S.K.: 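Next up is a structure, given as structure tokens.
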Amino acid sequence: MSDLPAQAPDPEEWLPLYGDYLYRYALSRLRDRGQAEDAVQETLLSAFKARDRYDGRVEMKFWLRAIMRNKIIDVLRKRVKDCSYEDFQKEPESPGFLERFTGVLPGRVERWTFDPQVACERSDFWEQFNRCIEKVPEPGRSLFIMREIEEQDTEEICKEMKISANHLWVIIHRVRKALKACLNKNYSRRPEF
Amino acid sequence: MWRCIDVATALKAGKYRDLSPWKRFWLRCHVVFCFVCGKYHRDLMKSQDIEVKLRDEPESCCPHALDPEQAERLKRRLEAERRKSKE
């Protein structure tokens, strides 16, 4: 017997209906097949236990995704906490004049060799992106996903990781730079623009 | 008129595509013409284009679906857990 609204699929159907979607979502954040599989399992189990709280106002897929998001953030948080990199613990220099008044971090801005807005509609771009993000070292990668993709609150991340907002911003800036350098170097297709 | 620091604050707080059309207009005006921060912030906006796609459409950014073996393993594990919780 199900405690779900009439239009909601039966829990037995969740895996065939949403398994791929949830797995892709988890894998795009965690970059680890085993952990992504575990996240799908934990999500479906938590959802099963909390099924009487599903009121049908959002599509089931998004309800499950919201549950999974919390699980993913827990995994990412743990990864960051497990890091003891000197780079991570070393506070960057306090912002200079230019940074304080314009928000511009020091360093040369390399140009993109392709248009990201056009490229991100192509599957070959994402294959390369996935290869590039896997090369980004921790804790930068997890912090980047937590803040820029999952949009966790900056204050919350900083409080928990015991770093300043400026420090977090510098880490994210370095990740973006590394991703861009890797994509510029390896993503060979140059769309026509 | 937006200042460089207003653009920086907005882009730190979130994605430029999530801003209201009016705010987005002022932000774009600033980064097109500003010789101090324009290049840096235009570059950041391009990175954000990729990030927004990854945030909103994870299924199209990740080519790997569950393989049959994984799906079967998950099915068994879920059934076992469900049985346990019913007992």
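Computed from a predicted structure; not experimentally measured. A note on names: the letters A, B, ... follow the listed sequences, proteins ahead of strands, and every chain is numbered from 1.
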S.K.: If hydrophobic clusters are built by linking Ile, Leu, Val, Met, Phe, Trp and Tyr wherever their side-chain heavy atoms come under 4.5 Å apart, do W22(B) and L19(B) end up in the same one?
M.R.: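 W22(B) clusters together with L19(B).
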S.K.: With side chains defined as the heavy atoms from C-beta onward, is the minimum distance between I50(B) and L183(A) less than 4.5 Å?
M.R.: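 In short, these two side chains touch, coming nearer than 4.5 Å.
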S.K.: Salt bridge (charged side-chain N to carboxylate O under 4.0 Å, His left out) between K53(B) and E121(A): does it pass, once the steps are laid out?
M.R.: CA-CA 9 Å; K53(B) 181 85 176 172; E121(A) 298 302 324; 3.1 Å; yes
S.K.: Under a 4.5 Å heavy-atom cutoff, which of E127(A), E150(A), R29(A), K49(A) has the most pairs with chain B?
M.R.: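 Between E127(A), E150(A), R29(A), K49(A), the count favours R29(A).
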S.K.: Checking S60(B) against chain A: side chain, backbone, both or neither under 4.5 Å from a heavy atom?
M.R.: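 Backbone of S60(B) only, per the 4.5 Å heavy-atom cut-off to chain A.
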S.K.: Tell me, do S47(B) and W112(A) make a side-chain contact under 4.5 Å, heavy atoms counted?
M.R.: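 S47(B) vs W112(A): side chains touch.
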S.K.: Take I172(A) and K12(B), measure what side-chain contact (heavy atoms from CB on, under 4.5 Å) needs, and give me the verdict at the end.
M.R.: CA-CA 10 Å; I172(A) 287 167; K12(B) 268 187 193 179; over 6 Å; no
S.K.: Are V52(B) and M45(B) linked, directly or through other ILVMFWY residues, by side chains that come within less than 4.5 angstrom of each other?
M.R.: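 No, because V52(B) and M45(B) fall into different hydrophobic clusters, even though each may have its own neighbours under 4.5 Å.
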S.K.: Under 4.5 Å between side-chain heavy atoms, hopping through other hydrophobics if needed: is there a path connecting V175(A) to V75(A)?
M.R.: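 The answer is yes; both residues are in one hydrophobic cluster.
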S.K.: Sort F101(A) into side chain, backbone, both or neither according to what part of it lies under 4.5 angstrom from a heavy atom of chain B.
M.R.: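 Contact with chain B involves the backbone of F101(A) alone.
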S.K.: Shortest non-hydrogen contact from Y40(B) to V109(A)?
M.R.: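 Closest heavy-atom pair between Y40(B) and V109(A): CA-CG2, 4.0 Å.
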S.K.: Measure distances from D56(B) to the heavy atoms of chain A and classify the residue's part below 4.5 Å as side chain, backbone, both or neither.
M.R.: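 Backbone of D56(B) only, per the 4.5 Å heavy-atom cut-off to chain A.
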S.K.: So, do P58(B) and R65(A) sit near enough that their side-chain heavy atoms are less than 4.5 Å apart?
M.R.: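 In contact.
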S.K.: With side chains defined as the heavy atoms from C-beta onward, is the minimum distance between K180(A) and K46(B) less than 4.5 Å?
M.R.: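 No; the side chains remain at least 4.5 Å from each other.
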S.K.: Mind checking whether E151(A) and D18(B) have side chains closer than 4.5 Å, heavy atoms only?
M.R.: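 Side chain of E151(A) against side chain of D18(B), heavy atoms only: contact under 4.5 Å found.
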S.K.: In terms of heavy-atom proximity below 4.5 Å to chain B, should S123(A) be classed as side chain, backbone, both, or neither?
M.R.: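 Interface part for S123(A): neither.
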S.K.: E57(B) versus chain A, heavy atoms under 4.5 Å apart: side chain, backbone, both or neither?
M.R.: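 Neither part.
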S.K.: To the closest 0.5 Å, what do you measure between CD (E12(A)) and CD (E79(B))?
M.R.: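 Going from the CD atom of E12(A) to the CD atom of E79(B) covers 6.5 Å.
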S.K.: Can you list the steps and then say if K39(B) with R108(A) is a side-chain contact (heavy atoms from CB on, under 4.5 Å)?
M.R.: CA-CA 10 Å; K39(B) 193 175 178 189; R108(A) 196 183 135 92; 5.9 Å; no
S.K.: Cluster question for you: counting only ILVMFWY and a side-chain heavy-atom cut-off of under 4.5 Å, with indirect links fine, are L74(B) and L17(A) together?
M.R.: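 L74(B) and L17(A): one cluster.
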S.K.: Side chains of L66(B) and Y21(A), heavy atoms from C-beta outward: is any pair under 4.5 Å?
M.R.: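 No; the side chains remain at least 4.5 Å from each other.
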S.K.: Measuring from atom CZ of R111(A) to atom CG of D43(B), what distance do you get when rounded to the nearest 0.5 angstrom?
M.R.: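 Reported to 0.5 Å precision, the distance equals 11.5 Å.
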S.K.: What part of A65(B) gets within 4.5 angstrom of chain A, counting heavy atoms only: side chain, backbone, both, or neither?
M.R.: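 Both the backbone and the side chain of A65(B) come within 4.5 Å of chain A.
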S.K.: Under 6.0 Å from the NZ atom of K61(A), do we count more than 12 heavy atoms belonging to anything else shown?
M.R.: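 Yes, because the 6.0 Å sphere around NZ of K61(A) holds more than 12 heavy atoms from other groups.
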S.K.: Decide whether W2(B) and I5(B) are clustered together by the hydrophobic rule: side chain heavy atoms of Ile, Leu, Val, Met, Phe, Trp, Tyr closer than 4.5 Å, transitively.
M.R.: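 Hydrophobic grouping puts W2(B) apart from I5(B).
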S.K.: Does a side-chain heavy-atom distance below 4.5 Å link F129(A) with L54(B)?
M.R.: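 Contact flag for F129(A)/L54(B) side chains = yes.
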S.K.: Give, as side chain, backbone, both or neither, the part of R73(B) having an atom under 4.5 angstrom from any heavy atom of chain A.
M.R.: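 Only the side chain of R73(B) comes within 4.5 Å of chain A.
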S.K.: Report yes if the side chains of D20(A) and E59(B) come closer than 4.5 Å at any heavy-atom pair, otherwise no.
M.R.: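 Answer no - side chains too far apart.
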S.K.: Sort L15(A) into side chain, backbone, both or neither according to what part of it lies under 4.5 angstrom from a heavy atom of chain B.
M.R.: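 Contact with chain B is through the side chain of L15(A) alone.
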S.K.: CZ of R77(B) to CD of Q41(A): how many Å apart, nearest 0.5 Å?
M.R.: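 The distance works out to 4.0 Å.
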S.K.: So does C61(B) get a backbone contact from the side chain of N130(A), meaning a donor-acceptor N/O pair under 3.5 Å?
M.R.: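 Between the backbone of C61(B) and the side chain of N130(A) there is a qualifying donor-acceptor contact (under 3.5 Å).
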S.K.: Name the option with the most non-hydrogen atom pairs under 4.5 Å to chain A; the candidates are K15(B), Q48(B), R55(B), H41(B).
M.R.: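 Highest number of pairs under 4.5 Å: R55(B).
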